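These numbers come from a predicted model, not from an experiment.
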2 protein chains.
Amino acid sequence: MTVKIGLLGFGTVASGIPFLLKENAEKIQQAAQEEIEIAKVLVRDNAEKERLEAAGHTYHFVTNVDEILADAEIQIVVELMGRIEPAKTFISRALEAGKHVVTANKDLLAVHGSELRGLATKHGVALYYEAAVAGGIPILRTLSNSFVSDKVTRVLGVLNGTSNFMMTKMVDEGWTYEEALKTAQELGYAESDPTNDVEGIDAAYKAVILSQFAFGMTIDFDNVEHKGISKISPDDVAVAQELGYVIKLVGDIRETASGLSAEVSPTFLPKAHPLASVNGVMNAVFVESIGIGQSMYYGPGAGQKPTAASVTADIIRIVRRLQDQTVGKAFNEFSRPLQLAAPGDVRSEYYFSIVAPDKTGTLLQLAEMFNAEEISFKQILQQASDGKQARLVIVTHSMSKTQLENVTAKLAAAGDFTLQNTFKVLGE
Amino acid sequence: MTVKIGLLGFGTVASGIPFLLKENAEKIQQAAQEEIEIAKVLVRDNAEKERLEAAGHTYHFVTNVDEILADAEIQIVVELMGRIEPAKTFISRALEAGKHVVTANKDLLAVHGSELRGLATKHGVALYYEAAVAGGIPILRTLSNSFVSDKVTRVLGVLNGTSNFMMTKMVDEGWTYEEALKTAQELGYAESDPTNDVEGIDAAYKAVILSQFAFGMTIDFDNVEHKGISKISPDDVAVAQELGYVIKLVGDIRETASGLSAEVSPTFLPKAHPLASVNGVMNAVFVESIGIGQSMYYGPGAGQKPTAASVTADIIRIVRRLQDQTVGKAFNEFSRPLQLAAPGDVRSEYYFSIVAPDKTGTLLQLAEMFNAEEISFKQILQQASDGKQARLVIVTHSMSKTQLENVTAKLAAAGDFTLQNTFKVLGE
């Protein structure tokens with residue numbers, strides 16, 4: 001028997017799927033024990049259809065999704081259009097029509113995942129999305145399968161290739177944010193509106209999905225605090241280097257005594273930390289757990305073939321489950337009630353970059369302000385002054401989000417101090 | 001229903017299993033939908049039994065394996081005794097009795113894997129061994145599941161924690177091999193006879209198993225060339241540093257035009273390569289493939305809880321498959337006829353450390369010798385001489401094993417040269 005699939009969209013990633021199906025035909029046949037055939041491909045309009053046909057593509061292109069959804073022979077629908085709509089409507093209708101769905105759409109899964117997973121469960125079909133987080137890295141299936149015996153306590157991830165490329169240039173080459181962005185745009189890594197990548201939004205979507213697989217909790221996107229890289233200055237990068245750290249945009253999901261905390265923020269990583277050497281457009285997910293201890297999963301976060309490899313692995317998994325008649329199972333079966341961490345329980349070391357008047361007593365005033373919040377200093381650097389203003393850099397010992405909020409408010413209230421940046425510092 | 005398991009051996013790793021079953025009871029229950037009970041535990045003799053009971057363990061200890069093998073209620077046997085015998089006999093009998101088997105025994109799997117897998121297939125039972133390679137890193141299941149859509153072209157691995165700990169000390173602290181070994185033995189990382197770890201034998205066992213999962217080929221242990229770290233001198237380490245490399249003991253499995261090549265050898269890794277920062281007792285497997293591209297899986301290679309986490313994940317996988325009635329499937333379904341690479345197809349850059357008379361014409365003679373084999377130099381360093389002998393260090397461009405063999409023979413034949421060491425160099 002041949003398993004027929006329908007593709008929604010035929011962009012870069014989609015065209016990687018037939019490549020892999022062909023290159024690995026024998027291996028896939030051994031695993032799936034079925035032929036997999038791309039039966040129909042949805043494209044935008046007749047113009048796109050004609051363009052693809054003129055380019056030599058011989059697929060059965062359709063411009064109306066109903067031709068796929070109403071085709072009883074198509075068992076698996078693969079959505080690769082991206083964005084929320086019409087992807088959401090098409091996926092929902094596919095699930096309702098009893099079709100299994102594979103998608104790489106992280107925005108959609110992060111925002112409407114519960115609804116879609118509910119539909120899949122209701123109709124006894126599969127909804128797989130390994131490619132939605134960290135592209136080619138098989139992190140979701142690993143969390144789901146191999147961590148089934150383990151308890152994850154923290155997930156740290158370099159989850160966005162564009163911003164990591166930029167940070168790598170800012171750290172290794174001393175580029176400014178603006179220079180790094182310009183090059184990222186020229187190389188096609190960053191879009192003309194780079195907000196999602198540089199402000200941590202894309203990484204926050206992935207943190208939502210990782211939270212489900214690692215901690216069994218369905219957190220709302222709005223509960224993931226996110227802060228981007230656009231405010232990082234060459235001074236921050238230089239000080240980090242001097243103190244033995246590398247700055248990266250890091251997703252950080254932790255379970256504290258009161259509940260789950262998830263955030264994306266520029267983070268000082270000790271140079272010896274495995275995440276510190278994840279460079280360029282590569283992604284990595286670092287997992288801390290009570291059994292395995294520390295492990296890391298590293299690979300390309302995006303790109304045609306890596307993403308297609310994850311999507312195709314999902315397709316093959318569904319075909320195997322069709323054979324085994326076990327296809328209804330959820331991609332992630334780990335589920336617990338959501339509990340969010342109290343800010344007082346979310347602790348970290350922090351870096352403060354503060355500009356202050358260069359006069360007697362400033363440092364004392366600052367020390368008293370931090371001391372009043374019971375925050376102690378680990379390192380302090382006073383940088384060359386222009387005679388009027390000095391830049392003070394502080395790395396604190398572990399402190400809570402509540403303390404961070406309080407001391408930040410006090411610094412703002414005391415008119416003398418300008419808080420340039422506050423970044424999280426990962427302890428050794 | 002409760003699934004009952006029998007443990008063969010109750011050493012360090014085995015006692016990690018009840019810890020994880022208890023700590024993650026709710027999560028495991030969700031996944032397995034069954035209780036998992038350690039019904040019987042085989043120990044060596046009555047003395048061990050009494051010792052364990054005195055220490056407060058309340059398991060049903062038995063000293064005769066038949067009490068487990070003949071117990072119809074025990075569905076899964078977990079072997080954690082290590083070594084070849086009696087483990088091989090016990091596992092064989094368990095499989096023949098229709099019991100599913102989980103083991104972490106890499107030596108056994110590498111040498112007698114075909115026979116044991118054959119028995120498992122014949123009796124329709126599972127034989128899982130995720131913990132056999134790189135302890136806590138879920139590399140086998142990842143290769144089996146997530147790489148099903150991909151074609152692996154090369155696997156490079158830091159596969160032995162003991163030798164990697166030693167190499168890390170030799171590189172970072174400038175220790176000699178002897179100093180590193182002494183400390184590794186004091187810390188309990190190395191055994192009193194360290195041969196398996198330091199000579200690459202343990203890593204070669206793992207390479208055999210990785211070959212099956214990554215390339216579908218069952219290679220014989222004897223086909224894995226292995227060379228250890230005991231001949232690496234502080235001079236080699238220093239030169240590697242100077243040239244921008246880190247030396248590590250690396251398992252290298254590649255598919256060439258003629259077939260598969262697998263070897264374990266000290267390798268110069270470029271400092272920016274992800275494997276170069278895998279330090280201490282940590283392991284990592286770096287995979288190159290046509291789909292994902294480059295990915296790496298990093299974690300603890302051994303230890304009680306990491307190994308127990310892998311073993312327990314295997315147990316849970318079997319319980320899930322019992323539920324799904326799909327339990328007969330092989331751990332690795334990818335299988336192709338074995339073809340070994342011709343030495344002329346196995347290419348790499350190489351490092352040569354040669355001691356030669358310090359006289360006019362020596363370098364010319366050496367250059368002619370390499371030139372005659374069509375080997376070209378990438379880098380050459382002549383080190384301070386004592387007036388009589390000079391040390392020459394050569395890094396070549398890519399050359400084959402055949403060329404390596406030929407030039408090594410010629411160097412030996414020309415009495416003037418002493419070839420101190422030859423190591424593989426991974427290109428950028």
Go through the side-chain N and O atoms of [X] and [Y] and say whether any donor and acceptor fall under 3.5 Å apart.
X	Y	value
A:Lys248	A:Asn279	yes
B:Glu130	B:Ser310	no
A:Arg321	A:Thr326	yes

Could you check whether atom CD of A:Gln339 has more than 12 heavy atoms from other residues, nucleotides or ligands sitting under 6.0 Å from it?
no
Mind ranking A:Ser146, A:Gly135, A:Ala31, A:Ala32 by heavy-atom pairs under 4.5 Å with chain B and telling me who comes out on top?
A:Ser146
Most chain B-contacting option - heavy-atom pairs closer than 4.5 Å, from A:Asn145, A:Ile28, A:Thr142, A:Val287
A:Asn145
Check the pair B:Glu35 / B:Lys4 against salt bridge (charged side-chain N to carboxylate O under 4.0 Å, His left out), numbers first and verdict last.
CA-CA 8 Å; B:Glu35 294 288 329; B:Lys4 295 192 176 181; over 6 Å; no
Relative to each other, are the rings of A:Tyr245 and A:Phe268 parallel, tilted or perpendicular (30° and 60° limits)?
tilted
Using the ring of each side chain (for Trp, its six-membered ring), is B:Phe165 parallel, tilted or perpendicular to B:Tyr189, with breaks at 30° and 60°?
perpendicular
Report the residues that fulfil salt bridge (charged side-chain N to carboxylate O under 4.0 Å, His left out) with A:Asp172, sequence neighbours left out, ordered by chain and then residue number.
none
Contacts of A:Lys106 that satisfy salt bridge (charged side-chain N to carboxylate O under 4.0 Å, His left out) - sequence neighbours left out
A:Asp202
Comparing B:Met282, B:Arg141, B:Glu23, B:Arg336 against chain A, the one with the most heavy-atom pairs below 4.5 Å turns out to be B:Glu23
Among B:Lys329, B:Met296, B:Lys305, B:Gln325, who wins on heavy-atom pairs under 4.5 Å with chain A?
B:Met296
Suppose we call two aromatic rings close when their centres sit under 6.0 Å apart. Are A:His100 and A:Tyr128 close by that rule?
no
Proximity of residues 14-22 of chain A to chain B, residues having a non-hydrogen atom under 4.5 angstrom:
A:Phe19, A:Leu20
Residues of residues 148-161 of chain A with any heavy atom under 4.5 Å of a heavy atom in chain B:
A:Val148, A:Ser149, A:Asp150, A:Lys151
By a 4.5 Å heavy-atom criterion (distance strictly below it), what part of A:Pro300 contacts chain B: side chain, backbone, both, or neither?
both
Is it the backbone or the side chain of A:Asn24 that comes under 4.5 Å from a heavy atom of chain B, or both, or neither?
side chain
Is A:Arg117 close enough and on-axis enough to A:Tyr129, meaning under 6.0 Å and within 45°, for cation-pi?
no
How many angstroms lie between CD1 in A:Ile137 and OH in B:Tyr297, if you round to the nearest 0.5 Å?
7.5 Å
